[in-house]
Amino acid sequence: MLFLVDISQLLTVALLGLLAGALWAEGELLVPYWKTLSSDEFYKLHPQYAPRLFKFFAPITALTPPVAVVAALLAWYNNAPTAWWSTGTALLAASLIAIYFVYFSQTNAAFARAAISADQLAGELNRWQNWHRLRVVICMLAFFLSICAISQ
């Protein structure tokens, strides 16, 4: 049964590494570009890139926390020495979903409706970037803890 612990922890590391890298790239490449656009340009481009970003990020963002939780549960069930590392990883990974519902779901919907005025868009993009940076930091911390788990 420890084999399942190892596999779930390796899968967690892989998913968190991919997610952290993708989130980081989005924050460092796309967000600065979005901030250079006028509100008209931003709202014109949003219907083109938002569905593509969702198709990329939704599966990995939805899959990573449950895999991390399963890894933690398996570690505890098997009295693995990695249980605490896995639990920290799972909690941080789950918080990524919570952050999405606390901030991103409403704001992204407002972007889709072009509901944020031109004079408020720059400020909202800054706020979006700050929340996104928090998400990147949390994901990287979860990735680090998952590496600690497989290093035991």
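Any value given below was found using the heavy atoms of this structure, including those in side chains, with hydrogens, waters and symmetry copies removed. Along the sequence shown, the residues carry numbers beginning at 1.
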Value for CG (Asn126) from CG (Leu121), rounded to nearest 0.5 Å, stands at 9.5 Å

Atom NZ of Lys35 with >12 non-hydrogen neighbours under 6.0 angstrom = yes

More than 12 heavy atoms of other residues, nucleotides or ligands under 6.0 Å from CZ of Phe144: is that the case?
-> no

Does any non-hydrogen side-chain atom of Asn130 lie less than 4.5 Å from one of Leu134?
-> no

Would one find more than 12 heavy atoms of other residues, nucleotides or ligands at under 6.0 Å from atom CH2 of Trp76?
-> yes

Given side-chain contact (heavy atoms from CB on, under 4.5 Å), test Phe143 with Ile147 step by step and report yes or no.
-> CA-CA 6 Å; Phe143 179 61; Ile147 290 171; 3.6 Å; yes

Stepwise side-chain contact (heavy atoms from CB on, under 4.5 Å) test for Val31 and Leu125 | CA-CA 8 Å; Val31 178; Leu125 285 171; 5.7 Å; no

Checking Tyr100 side chain against Ser105 main chain: does a donor-acceptor pair fall under 3.5 Å?
-> no

Side chains of Val70 and Leu11 in contact at under 4.5 Å (non-hydrogen atoms) = no

Note: Arg127-Glu124 ion pair, threshold 4.0 Å (strictly below) = yes

Which atom of Ala118 lies closest to which atom of Ser39, heavy atoms considered | CB-OG, 3.2 Å

State yes or no: do Trp128 and Leu96 share one hydrophobic cluster built from I, L, V, M, F, W and Y residues joined by side-chain heavy-atom distances below 4.5 Å, directly or via other members?
-> yes

Kindly indicate, with the supporting measurements, whether the criterion side chain to side chain donor-acceptor pair (under 3.5 Å) is fulfilled by Gln9 and Ser146.
-> CA-CA 7 Å; Gln9 289 178 338; Ser146 68; over 6 Å; no

On a heavy-atom basis, the closest approach of Met140 and Ala20 is CG-CB, 4.1 Å

Within a strict 4.5 Å, meaning less than it, do heavy atoms of the Arg133 and Val136 side chains meet?
-> no

Can you name the nearest heavy-atom pair linking Leu16 to Ala93, along with the distance?
-> CD2-CB, 4.5 Å

Nearest heavy-atom approach of Ala149 to Ser86 is CB-OG, 3.9 Å

Is Glu41 reaching over with its side chain to a backbone N or O of Ser38, donor-acceptor style, under 3.5 angstrom?
-> yes

Value rounded to 0.5 Å, distance of NE2 in His46 from CZ in Arg113 = 11.0 Å

Please check if atom OH in Tyr77 has more than 12 non-hydrogen atoms from other residues, nucleotides or ligands closer than 6.0 Å.
-> no

Treat each ILVMFWY residue as a node, draw an edge where side-chain heavy atoms are under 4.5 Å apart, and state whether Phe56 and Leu29 are in one component.
-> no

Compare all side-chain heavy atoms of Asn78 with those of Leu4 and state whether any distance is below 4.5 angstrom.
-> no

Is there a side-chain contact between Asn108 and Phe54 (heavy atoms, below 4.5 Å)?
-> no

For Leu92 and Ile138 the tightest heavy-atom approach is O-CG2, 3.4 Å

Would you call the rings of Trp131 and Phe104 parallel, tilted or perpendicular, where under 30° means parallel and over 60° means perpendicular?
-> perpendicular

Under 4.5 Å between side-chain heavy atoms, hopping through other hydrophobics if needed: is there a path connecting Val137 to Leu30?
-> yes

Tell me whether Val67 is reachable from Ile97 by hopping between hydrophobic residues (I, L, V, M, F, W, Y) whose side-chain heavy atoms are closer than 4.5 Å.
-> yes

Would you indicate whether Trp34, at its atom CH2, is surrounded by more than 12 heavy atoms from other residues, nucleotides or ligands within a distance under 6.0 Å?
-> yes

Short side-chain to backbone donor-acceptor contact, Ser8 and Val5, under 3.5 Å = yes

Could you give me the CA-CA distance, side-chain angles and deciding distance for Thr12 and Thr64, then say whether side-chain contact (heavy atoms from CB on, under 4.5 Å) is met?
-> CA-CA 7 Å; Thr12 299; Thr64 302; 5.6 Å; no

Test log, rule ring-ring contact (aromatic ring centres under 6.0 Å, His included), inputs Phe111 and Tyr43 | CA-CA 7 Å; Phe111 288 154; Tyr43 287 130; 7.0 Å; no

Heavy atoms only: give me the nearest Leu23-His132 pair and the separation to one decimal.
-> O-NE2, 2.7 Å

In this structure, OG1 of Thr82 is separated from CD1 of Ile150 (nearest 0.5 Å) by 10.5 Å

Please check if Leu15 and Val69 belong to a single hydrophobic cluster, counting links between Ile, Leu, Val, Met, Phe, Trp and Tyr side chain heavy atoms closer than 4.5 Å.
-> no

Candidate pair Thr87 and Leu145, rule side-chain contact (heavy atoms from CB on, under 4.5 Å), full reasoning | CA-CA 9 Å; Thr87 300; Leu145 291 181; over 6 Å; no

Side-chain contact test, heavy atoms from C-beta onward, threshold under 4.5 Å: evaluate it for Leu45 versus Leu37 and give yes or no.
-> yes

Counting distance only, does the side-chain N/O of Thr36 pair as donor-acceptor with the main-chain N or O of Tyr33 below 3.5 Å?
-> yes

Atom pair SG (Cys139) and CH2 (Trp24), whose distance is rounded to the nearest 0.5 Å = 13.0 Å

